[in-house]
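For reference, the structure is listed below as C-alpha cells.
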Amino acid sequence: MTEYQLPKAYDFKSTEPRVYEMWEKGGYFRPSNDPLKPGFDPSVRPFVISIPPPNITGELHVGHVLFVSLEDLMVRYHRMKGIPSLWVPGTDHAGISTQIKVEKMLEAEGTSREQVGREEFLKRTWAWKEKYGGIISTQIRRIGASCDWERERFTLDDGLSRAVREAFVHLYEKGLIYRGPRLINWSPALKTAVSDLEVEYSEEQATLYYFKYMLKGSDEFIPVATIRPETILGDTAVAIHPEDERYQKFIGKTAIVPMLGREIPIIADDYVSREFGTGALKITPGHDPNDYEIAQRHKLPILSMLDANVKVTEVGGPYAGLDRYECREKLWADMKAAALVIKEEPYLTTIPRSERGHEIIEPMISTQWFVKIQPLAEAAIQAVRDGRIRIIPERFEKVYYNWLENIKDWCISRQLWWGHRIPVWYCDDCGRQTCARTDPLLCAHCGGKNIHQDPDVLDTWFSSGLWPFSTLGWPEGTPDLKYFYPTTIMETGYDILFFWVARMIMMGLEFTGDIPFRVVYLHGLIRGDEGRKMSKSYGTAIDPLTIMDELGTDALRFTLLVGSTPGNDQTTPGYKKIEANRNFVNKIWNVGRFVVSAIGSVTTDDGRRMTGDRRRTTDEWTLADSWIWARLQQLVRDVERLFQTYQYGEAGRQIYDFFWSDFADWYVEAAKLQLQKEETKTQTASTLVRVLDISLRLLHPFIPFVTEELWSHLRNAVGQNSILSSLGAEWPEALIIAPWPEPRPEEGWEAEKVTTFQQMQEIVRAIRNLRAEKNVKPDRRIPATFVLAREGNQALHDVLAGDRKVIASLAGLDDAKITLVDSLPSKPEGHVTLVVGSVEIHLPLSGLVDAEAEKARLGKELAETEAQIARLEKLLASDFANKAPAPVVQKERERLAMFRETMEKLKSQL
RNA sequence: GGGCGCAUAGCUCAGUUGGUUAGAGCGCUUCUCUUACACAGAAGAGGUCAGGGGUUCGAGUCCCUUUGCGCCCACCA
C-alpha cells in the first residue's frame, strides 16, 4: 500500500488556479438541470442568482470580493444540496465612467471626442472594452466564483440591447415615457443631465448675500438673501409670505432686477418662511427646484441664465459669457458699487454635488426623457408588502417604501455617446417623433425620409434594471427565461437599493408580469477606519489582489464572510486578521495531513466488521469518538439553521471553532493515542475521515480552494486503503458537488459518553493548569492517584479504570503509575490535591509542594466553591424555582449538587 | 427636519425566539521546536456589556430615555 504524502504547508498559489480550472472544465458551474441539455426536468425548482454586474471600468476592490464571496457561498451551498443552481455572470457598460476613461485616453493623444466624432468615438470605446473590459471578470474568477461563464452577459451586447429597446418602446407606447423641458440636475463637468440619485448633498460653509430688491419708481426696497447671487439674473419674481405684515404692502407691486433693470412682480406664497433670512425670497425658476414649483403655481416665466457650459446666457445682459462664479463676483461687485448690497455673512448649507465628478450640480431647465414612475412604483411597493419579495434585513423594507412612496419621475436621457441610444427619430418634415423596435428609415407619420435619431443615450441604470430577465433572454421567451425566472436571491449592497434593486422590481413587474427575485439580501458596506465609505484617498483600502497573492484567496474570503452580518457595515479587515484566517487554512491543511497519514497507518484489518452501513457499531466507539461525533452533529444542525436565516458569518465562526478547538485540539490529540492501539485504530481512522469529510463539506462554500484540494487527497487516500475504502464509496469526483451534510442525530453516541468526555477534559485542564502553575517541566511524566467513588460515577470510573493512555498523554501523567481508588483513608503526604467535580486527584510533586501554599490554594478554591453554593442556594430559594422552566431549574440544581460534592472533598483535604 | 445603525476585553469584533460564571481573533505574560501544524501547542491576565430608568423569577439580549459616533432620506432662500 502506497503511503500518501502531503506537503507540509498548503501551497495556495499553485492550487487555486489549478482547482478553478478543474471546476470550470468539469462543467460544475453549469446548473445540474439545464433546459438547454438533454434530460431536462422542468418540475425541479432551481436556485438562481444574477450577479450585480460590475462596471467594465472597475478595478477589483474588497467590496467586490465580499459580494462575490457571499453569492458564491450561496450558490455552492445550494449546489451541494442537489438543487440545480445557476449564477449568471456579466458586466455593465458603465456609461459615464467608461466614456470618461476613453475621453482621457483621447486627451492623452491630443484629441477629443468632439474632434473624432461620434462614430469613431464608439469604435474606440468598443476597442477599449475588448481590451480592458474582461479584466474584472478574470479577477472575479480568481475569487473562486462558480458562475456559469457560458451564460456571461454584457449590458451592451446584442441581446440586452434588444431588451432595452423593447423596454423603452413598451413604456413609450404605454405613455409612461415622455420628453419635455423640465428642471433637471445638470453636471457641468460631464455636460449631461443626471438623475436625482446621482446627486449628493454635502454640508459646506457658504456665504449668505443680503441685498436690496428696489421697488419700481420708489426708494423703497425689499431685502432679500441668497447663496447664489448670480442667479439674480434669472429672477422672475420676489416672493413673500401672504401674512407677513412687513411686506404686505408690496404684494402685487413691481421690483427691479439689479443691474438688468428687468421688471418682475412681487408675489405672495405660503412657501416663504417669515423667520428665515429676510423673510423675502427671490424666485429663480430656471435654476432652483423650489422656485420652479412656485413659478408653476404663479405662472411665472422661466428664464435660463446659464447654458450647458454653465456660462451666462444672453438673459444676463452685460454678464453674458461669464462663468457662473466669475459672474457671481462681478455682479456682486457691481451691485456693491450701485449701493444695492446690504451685507454678507457666513452660512452653513447643503451643496448639491455630482456623485461622480464631485463638482457642483446646476439645476437647469432642459429637454430630457423621463419615465412616469408612479404606476410602476405602486406595483413595486405591493410586491414587497404582500411578501412576494422579502428584503433581508427587514428594516430596509421601510426605507424601500419611503423612497418609492415619494418617488419622482426618472430622468433617463444622458448627453453621452456610450450607451443604449434612445430609439426615437425626429422628422424634419413634419416634426413628429417615431419610436420603433427596429431602426426606421421613414417617418411613421408623414413617411418623410428626413429623420434623425435622438442623440442621447439612456441612463445606465435603465439597462441594469432589466438585468435579472434580460440576461435570461427576455424579451424572447427562451427556455432559460421560462425555467430560471424569477430568480431566487438578489444579493447586493444596501447602497444601491434605490439605484438598482427598486428599479429591477419595478421593471420586472412591468415587463415580465412577475417579480424578478424572491429575496433581496442586502450586505453591509466595507468602510474605512473612521466609519467612512472606503476609498483609496483615505488610504484605508487594502488591495485584494495583493492580499490574495500573499495570503491566499480562501483567507480573504473567510475573513470577509465571517465579518459580514446582513445590512451591517464592516471595517476593512487589517492584514493581521486575514493572516489569522490564513493560519486557519493552514490548520485545516495540517489536520488533513494527519488524517491522510492515519489512513496510511491502517494496513491490517483488525478483524472486526463494519456494519452494513459501512460503519462500526457504536459500542466500539471510544469516548472521544462519541463526543466529537455529537459535537459535529450539533454543528451540522446549527449551520443549517444559520444558513436558513442568512447568518453566514455566524455559521462560519461556528465551523471554525469546532474545527480548531474541538477537532484539532482535542480529538486529533486523542486520536494519536487511539491509533497506537490495535483495538481502536481502525475505528479512530474512520472517525477522523468522517469528521474531516463533513467539516470540509461545511467549509467548502466559505473556502472552496483548500477544501476541494484537501478533499481530493482525502478521497484518494481513502480509496487506496482496502480497509477504509468503503467510507468513500459514495463520494463524487469533486467536493464542489458532494452532498451537503445532513444531521444524523440518531447514530453513534449517547449523551452519557459525551458528558464523560467533557469531565475528562476538565480533569486534563485542571492538571495542565496545575503543572503550569507549579512550573512542572513539560516532559516530566508524573504519577497520579485518582479517588472516585464508583457509585454514581460509573461511566467516568470506567474510563479511569480502563485505558488511561489518552488522559495520561493529554495531561502529562505517567500512565504506568496511575492508580484509581474508591476512597482514601487519609490525604497522602507530599501530594498536591485537585478536586474536579466528584474526582479527587493526588499528584506527588515532591520538592514542589509547600504545605502552607497548598493550604492557601485549597482554601481559596473552597471559598470560591462556597460562594457558588451560596449563589445557587439563593437562586433556588427565590421565585426562580417555581417560575422558570423545569429544565432550567434542574440544570441549576445539578450544578449545586456538584459544587456541594466538590466542597466536601475540599474540606476533607484541609 | 425625518428615518436607521452602532456603542461588549488594550485593538477589531461575535453573541437572532431573554435562561443565570459574557466569547473569538490580534496584542500581552509564562512555558514548550511533544513524530499534522511554531502559519503551532499548553497555561494565564484582561470586561460594573456607553449612562439612567422600566418590564421579568431572570436583561448584553425586550421597552423608554440620555450621551457619543456613523449612515440614509429631505425643497428653507
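Computed from heavy atoms alone, side chains included, the values below leave out hydrogens, waters and symmetry copies. Within every chain, numbering begins at 1; the chains are lettered A, B, ... in the order of the sequence lines, protein sequences first and strands thereafter.
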key: Donor-acceptor pair (no angle test) under 3.5 Å: A:Y271 side chain, B:C76 base   = no
request  = Taking only Lys NZ, Arg NE, NH1 and NH2, and the carboxylate oxygens of Asp or Glu, determine whether A:K282 and A:D235 approach each other closer than 4.0 Å.
outcome  = yes
message = Is any side-chain heavy atom of A:K408 closer than 4.5 Å to one of A:I373?
response = no
note = To the nearest angstrom, the CD-P distance between A:E198 and B:C73 comes to 13 Å
Check nucleotides 2-9 of chain B against the protein and report each pair of N or O atoms closer than 3.5 Å, with its distance, or say if there are none.
residue	atom	partner	partner atom	Å
B:C4	OP1	A:K398	NZ	2.8

query = Can you check whether A:Y347 has a side-chain N or O nearer than 4.0 Å to OP1 or OP2 of B:A77?
reply = yes
Polar pairs (N or O, both sides) under 3.5 Å between protein and nucleotides 38-42 of chain B?
residue	atom	partner	partner atom	Å
B:A38	OP1	A:K8	NZ	3.4
B:C39	O4'	A:N583	OD1	3.1
B:C39	O2'	A:N586	OD1	3.4
B:C39	O2	A:R582	NE	2.9
B:A40	OP1	A:N583	ND2	3.0
B:A40	O3'	A:K587	NZ	3.0
B:G41	OP1	A:K587	NZ	2.9
B:G41	OP1	A:W660	NE1	2.4

task = Fit a plane to each ring of A:Y646 and A:Y521, take the angle between them on a 0 to 90° scale, and name the class: parallel (under 30°), tilted (30 to 60°) or perpendicular (over 60°).
result = tilted
ask   = Does B:A77 have OP1 or OP2 sitting under 4.0 Å from an N or O in the side chain of A:T284?
value = no
ask   = Does A:R503 make a cation-pi contact with A:W410 (under 6.0 Å, within 45 degrees of the axis)?
value = yes
message = For a 4.5 angstrom cut-off between non-hydrogen side-chain atoms, does A:F702 reach A:Y656?
response = no
request  = Give one of base, sugar-phosphate or nothing for A:V668, where a contact means two heavy atoms less than 4.0 Å apart.
outcome  = base
message = Regarding A:E293, tell me which of base, sugar-phosphate or nothing describes its non-hydrogen contacts under 4.0 Å with the strands shown.
response = nothing
query = When Watson-Crick pairs (N1 to N3 and N6-O4 or O6-N4) and G-U wobble pairs (N1-O2 and O6-N3) count only below 3.5 Å on both distances, what is the dot-bracket string of RNA chain B, with | for other-strand pairs?
reply = ((((((((.[[[[.)...(...]]]].(((((.......))))).....[[[[[..)....]]]]])))))))....
